[in-house]
Amino acid sequence: MLELSSIRVAYGQATALWDVSLSIASGELLCVVGPNSAGKSTLINAIAGLHRISAGQMHFDGQDISRLAPHRFCGQGIALVPEGRRLFTEMSVRENLELGSYLRAARAQRSQSLERVCALFPALREKLAQPAGSLSGGQQQMVAIGRALMAQPRLLLLDEPSLGLAPGIVLDLFEAIRRIHADGIAVLLVEQNVSMALRIAERAAVLEEGRIVATGHPDELMAQPELRRAYLGLDAAHPA
Ligand SMILES: Nc1ncnc2c1ncn2[C@@H]1O[C@H](COP(=O)(O)OP(=O)(O)OP(=O)(O)O)[C@@H](O)[C@H]1O
Ligand SMILES: [Mg+2]
């Protein structure tokens, strides 16, 4: 479904991604982990069309999207939940969600999509009229994910959705991600919460200093002591 071939992304003179090749199959849940500043957000934002790639190619469903204008990525079926959520805090929850369905095809399905989002996140149902900024951090993350789902994506990009949330909320959040994936939507998940993310992922990639240094089944990666220690932030001797 998504095929990255040796993509490079730079900020001025500083290269943040070096020849990254990665693929995501239709309906797959891929998790990308790695230390701070590894380039995880740069990768996810490039796939969302927010950063231009300076080398390499990106194909989505066979189409070359390498030079596509940023505003066209959503119409292709790619939706981003950015790091830090980026909600319009003074606007209502409903208005934030509806922003996700501004394109014509998604707008035609707006009420059905809203119903699906409320079924996935029941806590949002009675808060639709409230300003998004009045919600708890976990509920705001639900709004951010809901807004992306309103676009009816085939690929959902999640950049550190659990960041700063209480453990109980994180469990609910991962359960929601699992259900979104079970509905047939491909998910690329970037997470600091490595052990939780690897539990729901079908495949994982480790990014370090702008390069993919390992990919495989989560169990394979977890079995490699040096990966556990260096990149996954887990003690080599103890299971997660
Ligand atoms: N707008 C920018 N301008 C210049 N350099 C940037 C910019 N954004 C990121 N970088 C640099 O690119 C590299 C990768 O950053 P990126 O934010 O993609 O990492 P990350 O893996 O998402 O980190 P974190 O875990 O902190 O979110 C870092 O060295 C960072 O300093
Ligand atoms: Mg980041």
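Just so you know, these numbers use all the heavy atoms, side chains as well, and skip hydrogens, waters and symmetry mates. In listed order, ligands and their atoms are each counted from 1.
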Checklist entry - So with a 6.0 Å cut-off around CZ of R52, is the heavy-atom count from everything else above 12? => result yes
Checklist entry - More than 12 heavy atoms of other residues, nucleotides or ligands under 6.0 Å from CD of E126: is that the case? => result yes
Checklist entry - So is A14 close enough to ligand 1, meaning a heavy atom under 4.0 angstrom away? => result no
Checklist entry - What protein N/O/S atoms are found closer than 2.8 Å to the Mg ion (ligand 2)? => result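 Metal shell, protein only: S41 OG, E83 OE2.
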Item to check | Polar contact flag for A38 and ligand 1 (N/O pairs, less than 3.5 Å) | outcome: yes
From [options] - option closest to [atom] by heavy atom:
atom: atom 23 (O) of ligand 1; options: G12, P35, S37; answer: S37
atom: atom 27 (O) of ligand 1; options: E83, Q13, K40; answer: E83
atom: atom 15 (O) of ligand 1; options: T42, V190, V33; answer: T42

Checklist entry - Under 4.0 Å from atom 31 (O) of ligand 1, do we find at least one protein heavy atom? => result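 Given the 4.0 Å cut-off, atom 31 (O) of ligand 1 does not count as touching protein heavy atoms.
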Checklist entry - Under 4.0 Å from atom 2 (C) of ligand 1, is there any protein heavy atom? => result yes
Checklist entry - Picking from I47, D61, L80, V187, what satisfies side-chain contact (heavy atoms from CB on, under 4.5 Å) with L155? => result I47
Item to check | Separation between CG of L165 and CD of Q140, rounded to the nearest 0.5 Å | outcome: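 Going from CG on L165 over to CD on Q140, the span is 9.5 Å.
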Checklist outcome for this item: By side chain to side chain contact (heavy atoms under 4.5 Å, CB included), E220 pairs with (sequence neighbours left out) H217
Item to check | Criterion side chain to side chain contact (heavy atoms under 4.5 Å, CB included) on L149 and I185, from CA distance to verdict | outcome: CA-CA 10 Å; L149 291 174; I185 299 175; 3.9 Å; yes
